[in-house]
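Working notes, structure below.
Computation of the quantities below employed the complete heavy-atom set of this structure, encompassing side-chain atoms and omitting hydrogens, waters and symmetry-equivalent molecules.
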Amino acid sequence: VQNNSTKIFNNVAISRDAATGKWFSATKRNWVEGSNYSFHAYAYSTLNGLTITSGKDGLEFSVQQPTTYNEEAMIDYLLSFKVADGAMKPIVQLYLEHAMSLVEVYVVRGNMFEARLTKMTFENIYTQGSMKCTAQAVANSGNKNVWEVSPSGNNDVVYTYEPTTPVAIGDERDNTEARMAIMCLPQQLTANTRLTIEYEVNEKVTPESPDNFVLHKEEFQLYNYQPVNYQSGHRIVYTATVDSGINLEGVVSEWQDVDYIEGTVLPEIK
């Protein structure tokens with residue numbers, strides 16, 4: 001928080017008041033008449049693997065996402081828009097925007113008896129790098145925070161979801177255990193970025209027939225789909241539907257505004 005050009009709060013933690021739902025610092029200060037104020041804040045899910053650059057007010061950091069799949073260990077980082085003229089408002093509203101890209105993969109069942117997921121692999125993306133906000137948006141301007149992203153290391157991570165026993169594939173995203181969620185560095189995909197799905201389909205002829213689970217494996221080169229560039233604040237949802245084949249649909253959501261981009265693959269099950 002700045003009063004004119006003087007910082008009056010700098011890297012001060014705030015905590016949520018359970019009764020009001022509002023956030024406060026331990027120290028309270030009164031408005032100074034005739035002063036101009038600007039505010040911004042940042043938040044993160046964990047410090048493990050995250051280094052915030054000293055003296056940059058949360059506008060620069062480096063990150064190392066897990067190198068093995070662990071949804072709970074993924075690092076989320078949020079930066080607010082800048083609020084100017086805070087003295088005009090008794091309560092300052094800060095709007096936080098995700099710096100990372102969230103990639104979700106769901107496997108759902110189409111018109112068939114049963115299907116079970118045995119293994120899912122998402123591979124060849126960068127998990128390490130640094131991010132710098134080169135243009136911080138002003139609240140209510142309609143703009144977004146602009147990030148400069150510098151990946152480092154190799155883009156050869158392999159994230160594997162392999163349940164101890166095959167999990168049932170539900171008929172919609174809300175009721176299927178066949179899923180992955182990956183918080184990743186914004187980046188350009190390469191021709192090696194792949195999603196591989198291994199699943200069993202009950203190919204019995206009639207409901208009365210004995211179960212006949214047959215294992216199938218499909219590989220998708222995600223570079224052949226839109227988006228090929230994972231951007232800050234985007235939630236990319238891949239939905240693979242197991243039916244007479246398996247088709248993959250990609251949906252891109254800016255965690256506030258929704259946009260749809262899709263592609264389809266229809267291999268035959270033999």
Review point. Could you go step by step and tell me if His98 and Asp76 meet the side-chain hydrogen bond (donor to acceptor under 3.5 Å, both in side chains) rule?
Key: CA-CA 7 Å; His98 292 272; Asp76 194 7; 3.2 Å; yes
Point to revise | Stepwise side-chain contact (heavy atoms from CB on, under 4.5 Å) test for Val167 and Tyr161 | key: CA-CA 11 Å; Val167 299; Tyr161 169 63; 4.0 Å; yes
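- Here the CD-CG distance, from Glu203 to Asn212, works out to 6.5 Å after rounding to the nearest 0.5 Å.
- Using a 4.5 Å cut-off between side-chain heavy atoms of Ile, Leu, Val, Met, Phe, Trp and Tyr, with links allowed through other members, Ile182 and Leu50 fall into the same hydrophobic cluster.
- Side-chain contact between Pro151 and Leu185 is present, with at least one heavy-atom pair separated by less than 4.5 Å.
- A 4.5 Å side-chain heavy-atom check between Met100 and Gln65 finds at least one atom pair inside the cut-off.
- The side-chain tip of Lys82 does not point at the ring of Phe39 from less than 6.0 angstrom away and within 45° of straight on.
- Formation of a donor-acceptor pair under 3.5 Å by the Thr239 side chain with backbone atoms of Glu249 is not found in this model.
- Residue Tyr230 comes nearest to Ile236 through the heavy atom pair CD2-CD1, 3.8 Å, listed as atom of the first residue, atom of the second, then distance.
- Residue-environment remark: CG (Asn111) stays at or below the threshold of 12 foreign heavy atoms within 6.0 Å.
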Check your understanding: When you look at Leu79 and Leu59, which way does the side-chain contact (heavy atoms from CB on, under 4.5 Å) test go after all the steps?
Key -> CA-CA 8 Å; Leu79 176 69; Leu59 301 177; 3.7 Å; yes
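- Taking hydrophobic clusters as Ile, Leu, Val, Met, Phe, Trp and Tyr residues chained together by side-chain heavy-atom distances below 4.5 Å, Met74 shares a cluster with Leu47.
- Under the 4.5 Å side-chain criterion, counting only non-hydrogen atoms from C-beta, Val108 is in contact with Arg173.
- Looking at Glu71 and Arg179, a side-chain N of the basic residue comes within less than 4.0 Å of a carboxylate O on the acidic one, giving a salt bridge.
- The CD atom of Glu219 sits 5.0 Å away from the CZ atom of Arg194 when rounded to the nearest 0.5 Å.
- Looking at heavy atoms from C-beta onward, Val103 lies out of side-chain contact with Met183 at the 4.5 angstrom threshold.
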Exercise for review: Please step through side-chain contact (heavy atoms from CB on, under 4.5 Å) for the pair Val201 and Val214, ending with a clear verdict.
Suggested key: CA-CA 5 Å; Val201 174; Val214 179; 5.6 Å; no
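- Thr53 places no side-chain N or O within donor-acceptor distance of the main-chain N or O of Lys56, the cut-off being under 3.5 Å.
- The nearest pair of heavy atoms linking Leu248 to Leu222 is CD2-CD2, 4.0 Å.
- The minimum heavy-atom distance between Phe122 and Val105, with the atom names listed, is CD1-CG2, 4.3 Å.
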Exercise for review: Apply the test side-chain hydrogen bond (donor to acceptor under 3.5 Å, both in side chains) to residues Asp156 and Asn124: give CA-CA distance (whole Å), side-chain angles for both, the deciding distance (0.1 Å), then the verdict.
Suggested key: CA-CA 4 Å; Asp156 57 359; Asn124 298 328; over 6 Å; no
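- Side chain of His40 to backbone of Asp57: a donor-acceptor contact under 3.5 angstrom is found.
- To the nearest 0.5 angstrom, Gln231 atom CD is 11.0 Å from Lys144 atom NZ.
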Going by atom type alone, with no hydrogens or angles, which donor-acceptor pairs under 3.5 Å involve a side-chain atom of residues 128-139 and a protein atom two or more places apart or on another chain?
unit_1: Thr134; atom_1: OG1; unit_2: Val146; atom_2: O; d: 3.4
unit_1: Gln136; atom_1: NE2; unit_2: Ser80; atom_2: O; d: 3.0

Check your understanding: What do the steps show when you test Thr127 against Gln64 for side-chain hydrogen bond (donor to acceptor under 3.5 Å, both in side chains), and what is the final call?
Key -> CA-CA 6 Å; Thr127 58; Gln64 170 65 73; 3.2 Å; yes
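- Residue Tyr199 comes nearest to Thr118 through the heavy atom pair N-OG1, 3.8 Å, listed as atom of the first residue, atom of the second, then distance.
- When side chains are defined from C-beta on, Phe81 counts as touching Asn145, because their heavy atoms get closer than 4.5 Å.
- Thr241 OG1 to Ile169 CD1: the interatomic distance, rounded to the nearest 0.5 Å, is 10.0 Å.
- To the nearest 0.5 Å, atom CE of residue Met112 and atom CG of residue Asn202 are 9.0 Å apart.
- Side chain of Thr176 to main chain of Val107: a donor-acceptor pair is present (N/O by atom type, distance under 3.5 Å, no hydrogens or angles).
- Taking hydrophobic clusters as Ile, Leu, Val, Met, Phe, Trp and Tyr residues chained together by side-chain heavy-atom distances below 4.5 Å, Tyr223 shares a cluster with Ile125.
- Glu123 is not listed as a side-chain neighbour of Val157, based on a closest heavy-atom distance of 4.5 Å or more.
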Practice item. Quick one: do Glu114 and Asp211 satisfy side-chain contact (heavy atoms from CB on, under 4.5 Å)? Show the steps, please. Key: CA-CA 9 Å; Glu114 290 178 272; Asp211 287 340; 4.0 Å; yes
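- The two residues Gln187 and Tyr126 make their nearest non-hydrogen contact at OE1-N, 2.7 Å.
- The hydrophobic clustering, which links ILVMFWY residues whose side-chain heavy atoms are closer than 4.5 Å, places Val228 and Phe220 together.
- Taken to the nearest 0.5 Å, the CG atom of Leu189 stands 11.5 Å off from the CD atom of Gln221.
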Check your understanding: Where do Tyr77 and Phe61 land on the ring-ring contact (aromatic ring centres under 6.0 Å, His included) test, with the steps shown first?
Key -> CA-CA 9 Å; Tyr77 191 93; Phe61 65 92; 3.9 Å; yes
Check your understanding: Is there a side-chain hydrogen bond (donor to acceptor under 3.5 Å, both in side chains) between Asp171 and Asn175 once you walk through the steps?
Key -> CA-CA 7 Å; Asp171 59 2; Asn175 70 354; 3.0 Å; yes
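- With a 4.5 Å cut-off on side-chain heavy atoms, Val237 and Tyr106 count as touching.
- Side chains of Leu195 and Met120 form a contact here, defined as non-hydrogen atoms less than 4.5 Å apart.
- Contact between Gly58 and Ile52 at its shortest, heavy atoms only, is CA-CG2, 4.2 Å.
- Checked by atom type and distance alone, the side chain of Tyr42 never pairs as donor or acceptor with a backbone atom of Leu96 at under 3.5 Å.
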